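Report on the structure given below.
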Amino acid sequence: SGESVTADMIDGLAKKHFPLCMRALHEHLRKESHLRHQGRLQYGLFLKIVGLSIEEALAFWRKAFSGKMSDEKFTKEHLYNIKHNYGLVGKMANYPARSCQTILTTYPPGANEFHGCPYRHYSEDNLKTALQSMMGISSHDMQDVLSSVRTQHYHVACTRVYELTHGIRKGEGLGGGETVNHPNEYCQRSRELEK
Ligand code: SF4
């Protein structure tokens, strides 16, 4: 797991360093003050590995839900599950964050759910909108990304977006031609580029 990160840092980190799957969950959470179960799991476990401690995670989720939920309701409905993600209750397991493979092949999102991999699970129109609005992908570069999506090379599409948003030459990927296999790896490499 990474260095310590506070709840207040997440908005800034999301904009600069999160892959589209996590950025989409973050934007939805901010817009709706809500995420459904699989979204909370996918995003919560990712944030744990980004470096959010249990105290900061509770602060983050309590505040994120506060637009639509009382503190009492939050404590009753969400405290346990967040502690569970951190292995502090129940089976006390140290749950890993989901890899791209897991996100791509399990728990396909249903209606009103925003987890999953946007490259795989969004319609082409929704994906284009998300890439433009959240990642700033130009129409010139869009076809390059979409051509990988159309051939079901979702990791390649995500890696191309990483290159485009970090000014990295095509084919370099995360470094030495490595493609994206884990959302936390994407975030970690992106943060390292800043150092
Ligand atoms: Fe997230 Fe992986 Fe899909 Fe990229 S390829 S959006 S990191 S699940």
Side-chain angles (χ1 to χ4, degrees), residues 1-30 33-66 69 71-110 113-121 154-155 158-159 162 173-175 178-195:
S1 59
E3 59 220 88
S4 82
V5 162
T6 62
D8 291 343
M9 290 165 68
I10 299 301
D11 285 306
L13 288 173
K15 278 207 182 78
K16 285 169 88 172
H17 302 300
F18 288 6
L20 186 58
C21 53
M22 301 305 171
R23 184 71 194 281
L25 285 168
H26 186 77
E27 295 296 323
H28 186 77
L29 178 62
R30 285 291 180 249
S33 302
H34 181 70
L35 277 181
R36 294 184 69 174
H37 180 68
Q38 289 298 335
R40 295 195 302 270
L41 262 178
Q42 180 176 314
Y43 194 34
L45 290 169
F46 168 81
L47 290 177
K48 177 176 79 168
I49 305 301
V50 166
L52 216 54
S53 66
I54 179 63
E55 291 78 18
E56 290 296 323
L58 289 171
F60 174 81
W61 289 102
R62 190 182 291 279
K63 195 171 173 198
F65 286 169
S66 65
M69 186 177 284
D71 250 23
E72 274 167 25
K73 192 161 182 240
F74 176 85
T75 300
K76 197 164 152 237
E77 295 186 3
H78 295 293
L79 199 68
Y80 184 90
N81 283 334
I82 295 167
K83 286 184 174 172
H84 196 263
N85 280 352
Y86 280 74
L88 298 172
V89 290
K91 278 201 298 182
M92 314 280 275
N94 187 15
Y95 295 98
R98 290 179 181 168
S99 66
C100 296
Q101 184 67 11
T102 301
I103 292 169
L104 283 159
T105 58
T106 57
Y107 314 106
E113 291 187 312
F114 298 87
H115 66 280
C117 173
Y119 299 102
R120 172 162 192 173
H121 294 119
Y154 310 113
H155 302 255
C158 186
T159 305
Y162 181 89
L174 299 186
E178 198 184 325
T179 54
V180 177
N181 284 306
H182 199 295
N184 285 105
E185 189 189 18
Y186 183 118
C187 177
Q188 184 61 34
R189 293 297 173 85
S190 176
R191 292 184 69 194
E192 280 166 14
L193 286 180
E194 268 198 342
K195 288 176 187 162

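Note that the numbering runs from 1 along the sequence shown for the chain. What you are looking at is a predicted structure, and each value in this text was computed from that prediction instead of being measured.
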Inset, instruction - Quick one: sort the Phe74 and His78 rings into parallel, tilted or perpendicular, breaks at 30° and 60°. - result: tilted
Legend entry - Min side-chain heavy-atom separation Cys21-Phe114 under 4.5 Å: no
Legend entry - 4.5 Å side-chain heavy-atom contact, Leu79 and Leu58: yes
Legend entry - Rounded distance [0.5 Å steps], CZ in Phe46 versus SG in Cys187: 4.5 Å
Legend entry - Heavy-atom check, side chain of Ile54 versus side chain of Lys83, under 4.5 Å: yes
Legend entry - Verdict with reasoning, Met69 to Ser33, per side chain to side chain contact (heavy atoms under 4.5 Å, CB included): CA-CA 8 Å; Met69 186 177 284; Ser33 302; over 6 Å; no
Legend entry - Donor-acceptor pair, side chain of Lys48 and main chain of Ala57, under 3.5 angstrom: no
Inset, instruction - Nearest 0.5 Å please: distance from the OH atom of Tyr119 over to the SG atom of Cys158. - result: 4.5 Å
Legend entry - Side-chain heavy-atom pair Leu35, His28 within 4.5 angstrom cut-off: yes
Inset, instruction - Verify, without hydrogens or angle tests, whether Glu56 (side chain) and Ser53 (backbone) share a donor-acceptor contact under 3.5 angstrom. - result: no
Inset, instruction - Over all heavy atoms of both residues, which pair between Pro183 and Ile103 is shortest? Give the atoms and the distance, please. - result: CG-CD1, 3.7 Å
Legend entry - Whether Thr102 side chain and Arg98 backbone form a donor-acceptor pair below 3.5 Å: no
Inset, instruction - Only one of Arg191, His17, Gln188, Met22 passes side chain to side chain contact (heavy atoms under 4.5 Å, CB included) with Val50; say which it is. - result: Arg191
Inset, instruction - Using modelled atom types only, decide if a donor and an acceptor are shared between the side chain of Glu178 and the backbone of Gly173 within a distance under 3.5 Å. - result: no
Legend entry - Any donor-acceptor pair under 3.5 Å from Thr159 side chain to Val180 backbone: yes
Legend entry - Sidechain-backbone polar pair: Asn94 side chain, Gly87 backbone, donor-acceptor under 3.5 Å: no
Legend entry - Flag, side chain of Arg120 to backbone of Leu104, donor-acceptor distance under 3.5 Å: yes
Inset, instruction - Could you grab the distance from atom OH of Tyr186 to atom CZ of Arg23, nearest 0.5 Å is fine? - result: 10.0 Å
Legend entry - Nearest-0.5 Å distance that lies between atom CG in Leu52 and atom CZ in Phe60: 7.0 Å
Inset, instruction - Mind checking the CD-CG spacing from Glu27 to Leu20? Nearest 0.5 Å is all I need. - result: 10.0 Å
Inset, instruction - Search all heavy atoms of Arg30 against all heavy atoms of Ala64 and return the closest pair with its distance. - result: NH1-CB, 3.8 Å
Legend entry - Polar side-chain atom of His121 near backbone of Cys117 as donor-acceptor pair, under 3.5 Å: yes
Legend entry - Atom pair CG/CZ of Asp71 and Phe65 - distance to nearest 0.5 Å: 12.5 Å
Inset, instruction - In sequence, state the C-alpha distance, the side-chain angles, and the governing distance for Asp11 and His26, and then conclude on side chain to side chain donor-acceptor pair (under 3.5 Å). - result: CA-CA 8 Å; Asp11 285 306; His26 186 77; 2.7 Å; yes
Legend entry - salt_bridge(Arg189, Glu185) N-O dist < 4.0 Å: yes
Inset, instruction - Test side chain to side chain contact (heavy atoms under 4.5 Å, CB included) on Arg40 and Ile82 and set out the steps. - result: CA-CA 9 Å; Arg40 295 195 302 270; Ile82 295 167; over 6 Å; no
Inset, instruction - State, yes or no, whether a side-chain contact exists between Cys100 and His155 at a heavy-atom distance under 4.5 Å. - result: yes
Legend entry - CA sep, side-chain torsions, deciding dist, call: Tyr95, His84, side chain to side chain contact (heavy atoms under 4.5 Å, CB included): CA-CA 9 Å; Tyr95 295 98; His84 196 263; 3.1 Å; yes
Legend entry - Backbone of Tyr107 reached by a side-chain donor or acceptor of His115 within 3.5 Å: yes
Inset, instruction - Could you check whether the rings of Tyr43 and Trp61 sit parallel, tilted or perpendicular, using 30° and 60° as the cut-offs? - result: perpendicular
Inset, instruction - Assess whether side chain to side chain donor-acceptor pair (under 3.5 Å) is satisfied between Gln38 and Gln42, documenting all intermediate values. - result: CA-CA 6 Å; Gln38 289 298 335; Gln42 180 176 314; over 6 Å; no
Legend entry - Where Leu45 and Pro96 come nearest, the two heavy atoms and their spacing: CD1-O, 3.5 Å
Inset, instruction - Start with the C-alpha distance between Leu174 and Thr179, add both sets of side-chain angles, then the distance that settles side chain to side chain contact (heavy atoms under 4.5 Å, CB included), and finish with yes or no. - result: CA-CA 6 Å; Leu174 299 186; Thr179 54; over 6 Å; no
